[in-house]
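Comments concern the structure below.
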Amino acid sequence: MRKLDLHWQILIGMLLGIIFGFFAAEMNWNQLVIDWIKPFGTIFINMLKMIAVPLIIVSLITGIAELKDISKISKMGGKTIGFYLMTTVIAVSIGLLLANLIEPGSFIDTEARDQLMEQYAGDAGNKILEAQEQKKQGPLQPIVDIVPDNFFSAMTDNGKMLQVIFFAILIGIGLILIPEEKARPVTSFFSSLNEVILKIIDLIMLAAPIGVFALLAAILVEIPSFSVLQALLVYALTVVAGLAILIFVIYSSIISFVTKLSYVQFIKGIAPAQLVAFSTSSSAATLPVTLERVTEHLGVDEDVASFVLPLGATINMDGTSLYQAVAAIFIAQAFGMDLDLSTQIMIVLTATLASIGSAAVPSAGMVMLVIVLGQAGIPEAGLALIFAIDRPLDMCRTVVNVTSDAMVSTLIAKSEDKLHVPVVKNWDDYYPPKKD
Ligand code: ASP
């Protein structure tokens, strides 16, 4: 019997997790799920995080060294950042447009608003404090933060991925600049280690259906009551509609116009990464899966993917920026504020920068939202309004963040003539494509 494709296995795990979590919440088994089921989800996320930093180092060094030409790196770097910025600005603009059209803030009455403000004031206060810590630093601090003062300490902190990327790029460049025979022992070491790491990711993914089951069951028992969520329904639907437009209209048009991939082919290739993104709410934890899917199932050359994806996971967050735009307008509307055009343009700018600055971990986008609110003169305490529904929206926006990274990697690969799209006569011949 043919084994079920990975994305189906994960999807079934997710559905069972949702059903079980729902049932467990009804039966009041919350503590049982948290004690006995959630840890398996945590183990799964930990395994992905564990492999993320070694993967970035090894695949980036191998990828850059294989480019064999410094000018190619700067050209590719420029293109990558350009594409990332472009997709982010499109995302924020869609968010603003929808929020102005739908006016989700007008659907929440003052009573529900005050109740949410009271109930989540403490949680929101913590996020505001976190954001204030970040704001205290000077304007150039984000650039200073890219350069580690100690590579080994950067490697031990999953939050310092840009520093790791910076150092790995330097090693790759160093390898290009020294004579080839001297570089060879190092490059062959890293390229064989790269194979090992990709194999480990395959092994980790065997546990994905169980991991996502546990993660979703735990999320369901920890979710606030339905009545709270009801007040935020229109806001949530506005965010989800924006994310859906991005995935189904914008990305699909870009993919089919620019690359030879059909969009169905693209989605089928990337689906396991999207499902893991949904379950973990972390682009960084999903990175190993995204890299494996993009290279082995979409035909993106490894030297492109290993450069474009780690950078994307940390700086490219279309879903987050769209959410920040909608959330800012929603909070303003709920407080009866009218935002003029110049403030809205300011939101495009700050949400773009805030999404770049958001860490690729759960609810990071919400911390950076505080900065967007502050710049636009919207009360930061309004964060309490959207707190209850943030986790489900985080899951959805992380899917978009990861999809956008994957899309840009295919675009860059196409422009560099490094997209090896398999000729699909019969889907089964292609999925999963045989690389070896
Ligand atoms: N969870 C998101 C990510 O990892 C970031 C966010 O929007 O909170 O991509």
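Order of listing sets the numbers, starting from 1, for every ligand and every atom in it.
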- Would Asp390 and Arg397 pass as an ion pair if we require N to O under 4.0 Å? yes
- Relative to the heavy atoms of Thr320, which atoms of ligand 1 are at a distance of less than 4.0 Å? 5 (C), 6 (C), 7 (O)
- Residue Ser283 vicinity, atoms of ligand 1 by number, heavy atom under 4.0 Å: 3 (C), 4 (O), 9 (O)
- Message: I'd like to know if Lys72 and Glu416 make a salt bridge, using a cut-off of under 4.0 Å between side-chain N and carboxylate O.
- Response: no
- Could you tell me whether Lys127 and Glu380 make a salt bridge, using a distance below 4.0 angstrom between a side-chain N and a carboxylate O? no
- Should we say atom CZ of Phe335 is surrounded by more than 12 heavy atoms from elsewhere, each under 6.0 Å from it? yes
- Which atoms of ligand 1 have any heavy atom of Ser363 under 4.0 Å away? 8 (O)
- Identified side-chain contact (heavy atoms from CB on, under 4.5 Å) counterpart of Leu220 within the set Phe22, Phe20, Phe23: Phe22
- Sub-3.5 Å N/O-N/O distance, Met366 and ligand 1: no
- Message: Under 4.0 Å, heavy-atom basis, I'd like to know which part of Val361 is in contact with ligand 1: side chain, backbone, both or neither.
- Response: backbone
- Query: Would one find more than 12 heavy atoms of other residues, nucleotides or ligands at under 6.0 Å from atom NZ of Lys79?
  - Reply: yes
- Message: Would Ser358 count as a contact residue for ligand 1, given that I'm defining contact as a non-hydrogen atom of the residue lying under 4.0 Å from a ligand atom?
- Response: no
- Query: Would one find more than 12 heavy atoms of other residues, nucleotides or ligands at under 6.0 Å from atom CD1 of Ile169?
  - Reply: yes
- Taking NZ, NE, NH1 and NH2 as the nitrogens, is one of them in Arg391 or Asp394 under 4.0 Å from a carboxylate oxygen of the other? no
- Task: Output yes when the distance from some N or O of ligand 1 to some N or O of Ala284 is under 3.5 Å, and no in every other case.
- Result: no
- Query: Which atoms from ligand 1 have a heavy atom of Ser281 less than 4.0 Å away?
  - Reply: 1 (N), 4 (O)
- Query: What is the nearest protein non-hydrogen atom to atom 1 (N) of ligand 1, stated with its residue, atom name and distance?
  - Reply: Asp394 OD1, 2.7 Å
- What atoms of ligand 1 come closer than 4.0 angstrom to any heavy atom of Ala364? 8 (O)
- Query: Among protein heavy atoms, which sits nearest to atom 8 (O) of ligand 1, and what does the distance come to when rounded to 0.1 Å?
  - Reply: Gly365 N, 2.7 Å
- Item | Per-atom contacts, ligand 1 versus Ser282 - under 4.0 Å to a heavy atom | 4 (O)
